[in-house]
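What follows is a single structure, written as structure tokens, with notes after it.
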Amino acid sequence: MAKSVDSVVSDLRELLNKSGKDAATLTWKKFYVVAGRERIKDAFMEDLAKQAKAASLFVSYGNAVVLVAKDYDFSPV
């Protein structure tokens, strides 16, 4: 069964926290595993980005990877 958006946001936050990093890239293959899905619709990706933003996470979708980052000034220049 596919995971809920809330569950995926929680898993992404846990993934970042366990890695000790402020940003991470996931291949699409790995993202599908984290999301617990075989197919991902645009509506799911939009909902995930919105709920991640509310949880202070930034999620962006590229052609090769999905970027997940903490949405605060973690590395000022």
Between [Y] and [X], is there a side-chain heavy-atom distance shorter than 4.5 Å?
{"X": "V34", "Y": "V66", "value": "no"}
{"X": "N17", "Y": "K70", "value": "yes"}
{"X": "L57", "Y": "D71", "value": "no"}
{"X": "I40", "Y": "Y61", "value": "no"}

Is [Y] reachable from [X] through a run of I, L, V, M, F, W or Y residues, each pair having side-chain heavy atoms under 4.5 Å apart?
{"X": "M45", "Y": "F58", "answer": "no"}
{"X": "V68", "Y": "V65", "answer": "no"}
{"X": "V8", "Y": "L67", "answer": "no"}

Which of D11, V9, V5 passes side chain to side chain contact (heavy atoms under 4.5 Å, CB included) with S7? Answer is D11
Nearest heavy-atom pair of S56 and R13: which atoms, and what distance?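 Looks like N-NH2, 4.3 Å.
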Quick one: CG on L15 to OG on S10, what's the gap to the nearest 0.5 Å? 11.0 Å
